[in-house]
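To keep things clear, I will list the structure first and then write my remarks on it.
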Amino acid sequence: MAVTDTTPALAAEDGPRTVPAHSIRRRARLEQAIYGATTLGLAIAPQQPDWWPAHLAATGITVGAFSWLWNRLGSDAGLGWIKAAQRALPWLTSASIYLTDLLHPGSTWWEYALPLGWGTLMAATTPITHSLNLHPEQPLPLDLTPALQTAPTTTAPEQAPPATYTAYRAHQWATARITGDTLLTGVHQYDTDRPDFWGIVIAPAGETVPDINPTNLAGIFDLPIGTVQLQLIEGSGPGRKLLTARPTLDHAQQAAQDPIHRLWNEKIATPTGGATGMLLTDYRIENNRIALRVTAPDNQLIQLNQKQIARSIGYKDTSLIMIETDNLGDGVISIYENHPLLTVREATTSDLTMDADGTIALGLRPDGRQARVPLYDPQMGAVTDLYVGAPGAGKSVTLLTLLTAERINGVVSIAADAQDGMSLPEADGRIYHFGKGIAATAATLAAAQDLAKYREKISATNGWGSFEIGSPWPLVNVTLDELNRILSADSTVPRPFRKWVTGMTGDTQATGRKLGLGIRFAAQSIHLADLGDKDRIRANAKNGTVWLGRTNSSTTQHMASDGVLPPGVYPEPIPRYFKTGDGDDIDATFHGKEAKKGPITAGMANIIQGGTVFTARTWFARKENKTYPGLIELMESAPVPRLTPEEHQIFQEAYAKWLPYAEALLTEEDGAEHSDTAQHPEAAFESITDDEDDQPSTSSIKDRILGLLADGPLALRDIRKRLPDVAAGSVNNAMTELHRTDGLVQPVSRGVYQLTR
């Protein structure tokens with residue numbers, strides 16, 4: 001038997017590998033970049049218990065690395081066990097840090113120090129690159145062979161510099177490292193007297209021209225950033241792209257443009273200008289206003305950021321920048337020198353007279369147009385409105401203006417004020433019915449519901465499926481003011497009373513539209529779910545109005561617009577004072593002085609109709625002796641509209657029946673035993689007491705959580721402590737809805753949350 005004494009060939013991975021030095025550096029930089037990204041993930045992902053995809057991915061990487069190492073250690077061929085361990089070291093160590101941070105409750109300093117230390121060590125040692133046993137290529141020695149030593153010395157000819165300007169630009173592209181194997185061909189100058197040029201970049205067959213950022217593009221030719229662009233060619237694939245360099249032409253063209261286009265191109269349409277990528281299609285210059293007509297590019301939705309636009313043009317008062325869009329591709333940006341609604345006139349009879357579409361002019365919009373709201377919709381029927389505003393926001397004057405318009409137009413006004421009549425004292429005795437106090441508000445709503453049932457019965461008997469004003473009944477609008485005293489989370493009324501009122505609001509919305517019975521809710525702050533049926537409010541607001549005045553916090557904006565606005569559309573908040581430009585809050589704070597305040601913004605509001613938002617201000621109302629004589633005079637210019645005799649009797653008897661029942665229920669007395677005036681109070685009381693669950697409603701819990709977070713981030717356990725009357729599970733469920741469904745809160749760290757905006 002012949003014996004062969006030969007050494008087995010080493011595996012390609014075991015022996016030293018000679019590669020160019022720049023290849024080794026490239027591998028090391030890539031490995032270091034991966035460690036940097038992994039460090040960021042190790043610091044963030046373990047602090048988020050809900051990030052299950054990240055946890056599963058980390059588990060998979062760990063199992064895969066361990067299996068690979070185990071197979072290598074059990075094999076006679078391939079890598080040595082030291083090199084195998086060296087390659088698996090980064091993955092196994094990072095997995096141990098990930099698991100440690102994930103399983104440790106809370107968020108301590110060492111949970112961030114461990115990933116940082118790991119990333120620094122790995123980036124400094126690059127164990128995987130070192131395990132490859134790479135060696136840089138050495139330059140050839142001068143004395144390779146005697147023949148070479150004796151050969152005559154020759155000098156390589158120096159490459160001639162490019163002969164033309166266009167060849168020089170192509171040479172710059174070819175010698176740049178970031179351009180790879182691509183070539184710049186067909187270079188042409190726009191003008192022989194200017195450095196601007198264009199050309200076609202071609203990649204090797206089967207490859208694509210790389211995407212190069214504007215900074216690197218400019219660096220290839222040593223031109224200003226933003227003057228060199230690389231873009232696809234229409235009708236061609238990614239292997240060919242058009243390169244344009246215009247360091248002087250664009251500047252010259254911009255200098256020749258009018259001031260508005262220069263403002264748009266240099267300030268607003270820039271990456272940080274608030275209208276990135278949008279197109280200016282037209283503009284108008286008016287007294288005190290510049291109106292910009294904006295369109296989004298094809299296949300894009302319009303995106304306009306009010307605060308960024310104000311910042312880009314140097315405005316410190318964002319209320320002077322007003323935006324209106326169709327939520328698709330078109331919009332208008334209005335830039336004002338002074339606030340156009342700083343002063344408005346008083347209303348006239350003409351303003352408050354209904355048009356054929358059932359609307360009246362409630363006030364003015366910034367561009368001078370009337371702010372029209374419906375008292376009635378001829379196509380849809382009676383409307384459901386929601387008016388929300390903090391004290392001093394102008395809500396009472398707005399409601400009085402609406403009641404005045406109803407009297408002028410022959411609409412029967414049934415109103416109630418839960419604040420004992422103090423919010424709308426001018427309405428007392430000047431409209432068909434005015435209830436004062438919490439019990440009277442509930443009784444008014446109950447009587448209106450009985451009125452609706454009467455109309456429903458007559459309509460069903462006659463086969464009527466819709467409502468027409470005056471045939472046979474007048475239009476009735478029910479206004480309920482200060483409902484937060486009954487329905488808000490912090491109200492002091494008994495739970496059965498609140499549930500009774502909530503149920504009636506839902507029923508009235510369901511039946512009123514086709515019966516000529518509209519309803520108007522008004523409060524300082526309220527959630528749609530508290531009004532009986534969020535879905536009905538959401539649907540009815542499409543043909544009604546949501547008037548959102550100045551509110552106490554951002555949470556109230558959400559409560560008023562929940563489900564009414566399209567996703568991603570938020571009304572801008574109304575400040576308490578107009579800014580006059582004479583002072584700045586930040587400057588005053590820096591110098592330790594008091595900032596000058598402008599006039600109060602009473603009457604200013606974001607009005608939401610049909611899923612769109614516009615800003616307006618209610619007509620001015622002059623106040624004398626704690627009343628509004630102008631509105632009273634307008635009210636008394638027309639007779640008080642009244643119900644038909646049959647309806648009048650039904651309403652008055654119903655109100656007399658339900659008022660003592662409401663008063664008894666407010667004192668937590670059983671209406672079935674103590675109210676002799678109610679005809680059927682037992683069924684009503686049973687319907688509101690059959691739920692023995694004393695937990696607050698989900699919407700109320702969410703509102704209270706938002707109120708707590710308004711002061712700053714809080715841990716979930718601290719929120720539970722501050723809501724002792726709510727079960728921990730209910731708090732957890734409400735927080736989950738606020739985070740995942742509503743998007744109003746976001747986690748700061750593990751178990752700690754804050755408001756999103």
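Numbers here simply count residues along the sequence, with the first being 1. Atom set for the values below is all heavy atoms of this structure, side chains included, hydrogens, waters and symmetry mates excluded.
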Pairing of [X] and [Y] as salt bridge, 4.0 angstrom limit:
X	Y	value
Asp377	Arg513	no
Arg520	Asp481	no
Glu324	Arg369	yes
Arg284	Asp367	no
Asp351	Arg372	no

> Within 45° of the ring axis of Tyr190 and under 6.0 Å from its six-membered ring centre, is that where the NZ or CZ of Arg246 lies?
Replying inline: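 Yes - Arg246 lies over the ring of Tyr190, closer than 6.0 Å to its centre and within 45° of its axis.
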Taking side chain as C-beta onward, heavy atoms only, is [X] less than 4.5 Å from [Y]?
X	Y	result
Tyr283	Ile285	yes
Leu292	Ile260	yes
Ile302	Leu304	yes
Thr384	Phe521	yes
Ile360	Asn409	yes
Val546	Asp385	no
Ile313	Ile335	yes
Gln229	Leu243	no

For [X], does the [atom1] atom have more than 12 heavy-atom neighbours from other residues, nucleotides or ligands under 6.0 Å away?
X	atom1	answer
Asp191	CG	yes
Asp222	CG	no
Glu286	CD	yes
Arg311	CZ	no
Gln231	CD	yes

Does the [X] side chain pair with the main chain of [Y], one donor and one acceptor, at a distance under 3.5 Å?
X	Y	value
Asp196	Leu249	yes
Thr353	Thr349	yes
Asn265	His261	yes
Ser312	Ile309	yes
Asp355	Gly358	no
Asp330	Thr295	no
Tyr376	Val383	no
Arg289	Pro366	no

Shortest non-hydrogen separation from [X] to [Y] and the atoms involved:
X	Y	result
Gln746	His739	CA-ND1, 4.2 Å
Leu475	Leu375	CD2-O, 3.8 Å
Ala522	Leu399	CB-CD1, 3.6 Å
Leu320	Glu337	CD1-O, 3.8 Å
Phe221	Arg169	O-NH1, 3.2 Å
Leu242	Gly199	CD1-O, 3.6 Å

> Side chains of Thr398 and Thr618: is there a donor and an acceptor less than 3.5 Å apart?
Replying inline: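 Yes, because at least one side-chain N or O of Thr398 sits under 3.5 Å from a partner of the opposite role on Thr618.
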>> Check the orientation of Trp198 and His188. Use parallel for under 30°, tilted for 30 to 60°, and perpendicular for over 60°.
In response: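 Plane angle under 30°, so parallel.
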> About how many Å separate CG of Leu362 and CD1 of Ile607, when rounded to the nearest 0.5 Å?
Replying inline: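 So the CD1 of Ile607 and the CG of Leu362 are separated by 5.5 Å.
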>> Please determine whether side-chain hydrogen bond (donor to acceptor under 3.5 Å, both in side chains) holds for the pair Thr248 and Arg194, giving the CA-CA distance in whole Å, both sets of side-chain angles, and the decisive distance to 0.1 Å.
In response: CA-CA 7 Å; Thr248 64; Arg194 293 181 179 272; 3.3 Å; yes
>> Checking Trp619 against Thr348 for the side-chain hydrogen bond (donor to acceptor under 3.5 Å, both in side chains) test, could you report, in this order, the C-alpha distance in whole Å, the side-chain angles of both residues, the deciding distance, and whether it holds?
In response: CA-CA 9 Å; Trp619 300 117; Thr348 65; over 6 Å; no
> side-chain contact (heavy atoms from CB on, under 4.5 Å) between Thr359 and Met354: does it pass, once the steps are laid out?
Replying inline: CA-CA 5 Å; Thr359 65; Met354 274 200 304; over 6 Å; no
